[in-house]
Amino acid sequence: MSTAPNRRAVAVILLVPLVVTLALWTFAWPAARIAPRDLPVGVAGPASAAQQLEQRFEQRDGAFDVHRFDDEAAARTAIENRTVYGAVVVTPQGPHLLTASAASPVVSQLLREAVTASVPEDTPVRVTDVVAAPPGDPRGSVLGASMLPLALAGMAGGAVVTMMGLRGARAALTLVASAALVGVAVTAVTHSWLGAITGDWWTEAGALALTVLAIGSAVAGLAALFGPRGIGLGALLMVLLGNSFSGVSSAPHLLPEPVGAIGQWLPPGAGGSLLRSVAFFDGSAAGGAVLTLSLWTLFGLAAVLFARRAPTPAEPVEPTRELALTG
């Protein structure tokens, strides 16, 4: 009696708990360890008072990266440019906290709690949301939930192109066209229907399309290099690691190190940062995310165009190659 079926059964029994454990680790562990880590914040006001406030921030070792500004106007500009998540302006009436819930509602709430805890109980803390989250998504829930569908759309595009046996320019054009349609469709839902993003419509569609294209191209490129195993590797990078390490639902600076940095090197994290920039901050600080997505796209498309791989079961064997094999 052959032992091959028994071995396959044992492999499935062992593989399923391993995959579940890995998925639980990638999604649950970062969420359970959310805390500020070198979180960029600003301090502005008279030198002596601002220095005392800066020292209070720095007492939490490694939690905050404090930037000093001359006045409130400079602090507001830094928030709008995504240099800092928020700033505290020292005034004669008490601290004035400037936040940007559009950058991260979680960070805005964290800063409120931190500043309130650092002043005497009877001291009022005035709060101004410089770049507010839209009324259609005040808690950032829609934006946070959007990355998984985008990752799955990119995965599906790359896997389908591979399994249908599309090659070369035809495969590349299919990936580009499908990503463009996904970008338009998702923008129609999130911008026009839900009101969760409020920037320029076509710029948002382009950012979403680039994110999907980077994921789909990477998956198809890995499959072109490694065969069907490349699709599994793409799922690991883009869905398990990329989505859970993206920091879209909180902020990259709140995730454990080096998870936050790794997430921004992968398309879901870079795509989330790019979408925030174009949707709420007029494209400020979008350059790094665009570069990351472009590099993944170029890698994937280059592999699709130039890599030589064995045909999948859905593909016919090229006549010249078949003759060579039979000869």
Side-chain angles (χ1 to χ4, degrees), residues 36-58 60 63-116 118-119 124-135 137-138 140 143 196-201 203-204 206-207 247-248 250-254 260-261 264 269-292:
R37 294 172 175 85
D38 289 326
L39 185 73
V41 297
V43 173
S48 58
Q51 185 175 6
Q52 293 178 0
L53 185 58
E54 182 178 354
Q55 290 174 350
R56 291 174 188 169
F57 274 118
E58 291 176 345
R60 298 180 63 175
F64 297 101
D65 177 18
V66 183
H67 298 241
R68 289 286 296 273
F69 301 105
D70 294 333
D71 51 29
E72 180 177 333
R76 284 176 175 268
T77 300
I79 293 173
E80 293 167 352
N81 291 337
R82 301 200 71 186
T83 304
V84 295
Y85 283 91
V88 184
V89 183
V90 181
T91 69
Q93 294 76 28
H96 180 195
L97 175 61
L98 306 176
T99 64
S101 58
S104 172
V106 177
V107 171
S108 296
Q109 182 62 32
L110 184 151
L111 290 178
R112 291 184 186 218
E113 296 172 355
V115 173
T116 302
S118 66
V119 299
V125 178
R126 185 160 60 101
V127 180
T128 300
D129 202 344
V130 177
V131 186
D137 190 25
L143 191 63
I197 52 179
T198 56
D200 178 75
W201 202 97
T203 304
E204 292 168 348
V248 177
S250 55
H253 291 88
L254 298 183
Q264 295 307 297
S273 297
L274 176 59
L275 184 58
R276 281 194 190 277
S277 292
V278 301
F280 309 122
F281 295 89
D282 295 325
S284 297
V290 171
L291 177 61
T292 299

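Any value given below was found using the heavy atoms of this structure, including those in side chains, with hydrogens, waters and symmetry copies removed.
Just one residue in the list V84, V41, V43 forms a side-chain contact (heavy atoms from CB on, under 4.5 Å) with F64, and that residue is V41.
The shortest heavy-atom contact between S250 and V106 is CA-CG2, 4.1 Å. Of all the heavy atoms in G42 and F69, the pair that sits closest is CA-CE1, 3.6 Å. Taking each heavy atom of S101 and A133 in turn, the nearest pair found is OG-N, 2.8 Å. Contact detail for F280 and A196: the closest heavy-atom pair is CZ-O, 3.5 Å.
Residue R276 holds its CZ atom at 4.5 Å from CG of L143, rounded to the nearest 0.5 Å. Here the NE2-CG distance, from H253 to L110, works out to 13.0 Å after rounding to the nearest 0.5 Å. The CG atom of L274 sits 9.5 Å away from atom OG1 of T203, with the distance rounded to the nearest 0.5 Å. Separation of atoms NE2 (H96) and OG1 (T91) is listed at 8.0 Å; rounding is to 0.5 Å. With values rounded to the nearest 0.5 angstrom, E58 atom CD is found 9.0 Å from D65 atom CG. Atom CG of D38 is separated from atom CG of L254 by 11.5 Å, given to the nearest 0.5 angstrom.
In this structure, E80 and S284 have side chains that are not in contact, with every pair of non-hydrogen atoms separated by 4.5 Å or more. Counting only heavy atoms from C-beta outward, the side chains of L53 and P95 never approach each other to under 4.5 Å.
Heavy-atom contacts from other residues, nucleotides or ligands closer than 6.0 Å to CG of N81 number more than 12.
With hydrogens and angles disregarded, a donor-acceptor distance shorter than 3.5 Å links the side chain of S108 to the backbone of S104.
Applying the side-chain hydrogen bond (donor to acceptor under 3.5 Å, both in side chains) rule to pairs touching residues 42-57 yields E54-R68, sequence neighbours excluded.
By the salt bridge (Lys or Arg N to Asp or Glu O under 4.0 Å) test, E72 pairs with R76, sequence neighbours left out.
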